[in-house]
Undergrad: 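Take a look at the following structure, please.
For this chain, numbers begin at 1 and follow the sequence in order. Scope of the values below: all heavy atoms of this structure, side chains included, with no hydrogens, waters or symmetry mates.
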Amino acid sequence: MEPKIVISDAELEILDVLWTAKASLNAGEIRSALNNHKNWERTTVLTLIQRLVKKGALSQEKRAQNNREIYYYTPCIAREEYVRAETKNFIEKFFKGRSKNLAAALVDSDALTKKDIEELRDYFNQNL
């Protein structure tokens, strides 16, 4: 089993930009996309990118552009794969691996409306 890559919330913001873009981006493009809701300095973005590269969550490719070499970054894990792994980890950690316990906690906490429950029932009926 591969060791789990731990990704911080700030690093996840970088990954989310790349997943949304569905294309390799350079650090400037990532920072521009983040500026819609974050006001991080250039060095902060570069530090987070380098952490993700070291962890193996991002790959980097050097490209020649306007007589300069610029690094472009691509996620090494798909959003769906990451969400699936994090969901499994969450259920293991808090609900002893039992999805039923998660569902019970959601119902007991009033986090689900009657409509939510009906939609989930329909989803399970269609997909099982």
Side-chain angles (χ1 to χ4, degrees):
M1 185 169 131
E2 250 181 68
K4 181 180 180 303
I5 297 174
V6 178
I7 295 175
S8 71
D9 290 344
E11 293 165 344
L12 189 55
E13 296 267 356
I14 302 290
L15 279 169
D16 194 50
V17 165
L18 289 162
W19 285 328
T20 301
K22 296 181 182 173
S24 298
L25 299 176
N26 64 44
E29 293 167 332
I30 293 169
R31 184 170 178 234
S32 291
L34 286 167
N35 278 343
N36 294 331
H37 59 283
K38 298 284 182 190
N39 195 20
W40 288 343
E41 294 294 327
R42 179 181 175 274
T43 53
T44 301
V45 173
L46 290 172
T47 297
L48 292 169
I49 289 170
Q50 286 311 306
R51 285 183 189 166
L52 288 165
V53 169
K54 279 186 181 178
K55 292 177 180 185
L58 288 183
S59 63
Q60 65 182 11
E61 176 190 358
K62 196 186 299 186
R63 298 181 191 168
Q65 186 176 353
N66 298 332
N67 296 327
R68 302 181 347 179
E69 289 185 332
I70 298 177
Y71 284 101
Y72 281 79
Y73 302 94
T74 306
C76 295
I77 183 171
R79 180 193 309 257
E80 297 78 16
E81 185 180 343
Y82 179 77
V83 169
R84 193 171 22 258
E86 285 299 304
T87 301
K88 184 176 180 182
N89 182 54
F90 178 78
I91 292 170
E92 287 290 331
K93 185 176 184 178
F94 292 103
F95 301 101
K96 298 182 173 135
R98 302 276 316 207
S99 299
K100 179 183 173 195
N101 295 346
L102 169 61
L106 288 170
V107 171
D108 291 344
S109 71
D110 296 325
L112 297 175
T113 65
K114 184 176 180 177
K115 184 177 187 227
D116 290 333
I117 294 168
E118 289 169 358
E119 288 174 354
L120 283 169
R121 182 195 61 221
D122 293 344
Y123 174 81
F124 288 132
N125 287 337
Q126 290 172 4
N127 292 288
L128 294 178

Undergrad: Which pair of non-hydrogen atoms, one from Ser59 and one from Cys76, has the smallest distance, and what is that distance?
TA: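 Scanning both residues completely, I find the closest heavy atoms to be N-SG, 3.4 Å.
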Undergrad: For a quick test of reading the model, state the closest non-hydrogen atom pair linking Pro75 to Leu15 and the distance between them.
TA: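 Looking at all heavy atoms of both residues, the shortest contact is CB-CD2, 4.0 Å.
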Undergrad: Would you indicate whether Lys88, at its atom NZ, is surrounded by more than 12 heavy atoms from other residues, nucleotides or ligands within a distance under 6.0 Å?
TA: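 Incorrect, the count does not exceed 12.
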Undergrad: If you take all heavy atoms of Arg63 and Ser24, which pair is closest and at what distance?
TA: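 Shortest heavy-atom contact: NH2-CB, 3.5 Å.
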Undergrad: State, without any angle test, whether Thr113 and Asp116 hold a side-chain donor-acceptor pair at a distance under 3.5 Å.
TA: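 Judged by distance alone, the side chains do pair up.
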Undergrad: Quick one, Arg79 and Lys22 - any side-chain contact, counting heavy atoms below 4.5 Å?
TA: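 Side-chain contact under 4.5 Å: no.
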Undergrad: Could you please spell out the steps behind the side chain to side chain contact (heavy atoms under 4.5 Å, CB included) verdict for Ile7 and Tyr82?
TA: CA-CA 10 Å; Ile7 295 175; Tyr82 179 77; 3.7 Å; yes
Undergrad: Any chain of hydrophobic side-chain contacts (each under 4.5 Å) joining Phe90 to Leu112?
TA: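 Linked within one cluster.
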Undergrad: Would you give the length of the straight line joining atom CD1 of Ile77 to atom CG of Leu18, rounded to the nearest 0.5 angstrom?
TA: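 So the gap between those two atoms works out to 13.5 Å.
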Undergrad: Under a 4.5 Å side-chain heavy-atom rule over Ile, Leu, Val, Met, Phe, Trp and Tyr, are Val107 and Phe124 clustered together?
TA: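 Hydrophobic grouping puts Val107 with Phe124.
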Undergrad: Among residues at least two apart in sequence or on other chains, which ones pass side-chain hydrogen bond (donor to acceptor under 3.5 Å, both in side chains) with Glu81?
TA: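 Scan of Glu81 (side-chain hydrogen bond (donor to acceptor under 3.5 Å, both in side chains), adjacent residues dropped) gives none.
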Undergrad: Please report the C-alpha distance between Ile5 and Leu52 in whole Å, then the side-chain angles of each, then the deciding distance to 0.1 Å, and finally whether the side chain to side chain contact (heavy atoms under 4.5 Å, CB included) criterion is met.
TA: CA-CA 9 Å; Ile5 297 174; Leu52 288 165; over 6 Å; no
Undergrad: Could you pull out the closest heavy-atom pair between Lys62 and Glu69, with the gap in Å?
TA: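 Shortest heavy-atom separation between Lys62 and Glu69 comes out as CD-OE1, 2.9 Å.
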Undergrad: Between Gln50 and Tyr73, is any pair of side-chain heavy atoms under 4.5 Å apart?
TA: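 Yes, their side chains come closer than 4.5 Å.
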Undergrad: Holding to ring-ring contact (aromatic ring centres under 6.0 Å, His included), I want the full list of residues that pass it with Tyr72, two or more places apart in sequence or in another chain.
TA: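 ring-ring contact (aromatic ring centres under 6.0 Å, His included) check on Tyr72 returns nothing, list empty.
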Undergrad: Would you say Glu13's side chain and Ala10's backbone share a donor-acceptor pair under 3.5 angstrom?
TA: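 Flag not set: sc Glu13 to bb Ala10 has no pair under 3.5 Å.
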Undergrad: Say you draw a straight line from CZ of Arg51 to CD1 of Ile14; how long is it, rounded to the nearest 0.5 Å?
TA: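 With rounding to 0.5 Å, CZ (Arg51) is 10.5 Å from CD1 (Ile14).
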Undergrad: Please name the pair of heavy atoms, one in Gln60 and one in Val53, separated by the smallest distance, quoted to 0.1 Å.
TA: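 For Gln60 versus Val53, the nearest heavy atoms are OE1-CG2, 4.1 Å.
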Undergrad: Can Tyr123 be reached from Ile117 by stepping across I, L, V, M, F, W or Y side chains whose heavy atoms are under 4.5 Å apart?
TA: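 Looking at the clustering, Tyr123 is in the same group as Ile117.
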Undergrad: Counting only N and O atoms by type, is there a donor-acceptor contact under 3.5 Å from the side chain of Asn66 to the main-chain atoms of Arg68?
TA: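 No: the side chain of Asn66 does not pair with the backbone of Arg68.
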Undergrad: Between Asn35 and Asn39, is there a side-chain heavy-atom distance shorter than 4.5 Å?
TA: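 Yes - at least one pair of side-chain heavy atoms lies under 4.5 Å apart.
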Undergrad: So Trp40 and Leu46, do their side chains get closer than 4.5 Å, heavy atoms only?
TA: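 Leu46 does not reach Trp40 side chain to side chain.
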Undergrad: Look at the side-chain heavy atoms of Ile, Leu, Val, Met, Phe, Trp and Tyr, link any pair under 4.5 Å apart, and say whether Leu48 and Ile70 land in one connected group.
TA: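 No, no single cluster joins them.
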Undergrad: Would you give me the side-chain donor-acceptor pairs under 3.5 Å for residues 93-103, sequence neighbours excluded?
TA:
unit_1 : atom_1 : unit_2 : atom_2 : d
Asn101 : ND2    : Phe95  : O      : 3.3

Undergrad: Taking atom CD of Glu41 as the centre, report whether more than 12 heavy atoms of other residues, nucleotides or ligands fall under 6.0 Å from it.
TA: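 No, not enclosed.
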Undergrad: Check Arg84 with Glu80, please: is the shortest side-chain N to carboxylate O separation under 4.0 Å?
TA: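 No, this pair does not count.
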Undergrad: Testing the basics here: between Leu25 and Ala21, what is the closest heavy-atom pair and its distance to 0.1 Å?
TA: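 Here Leu25 and Ala21 meet closest at CD1-CB, 3.7 Å.
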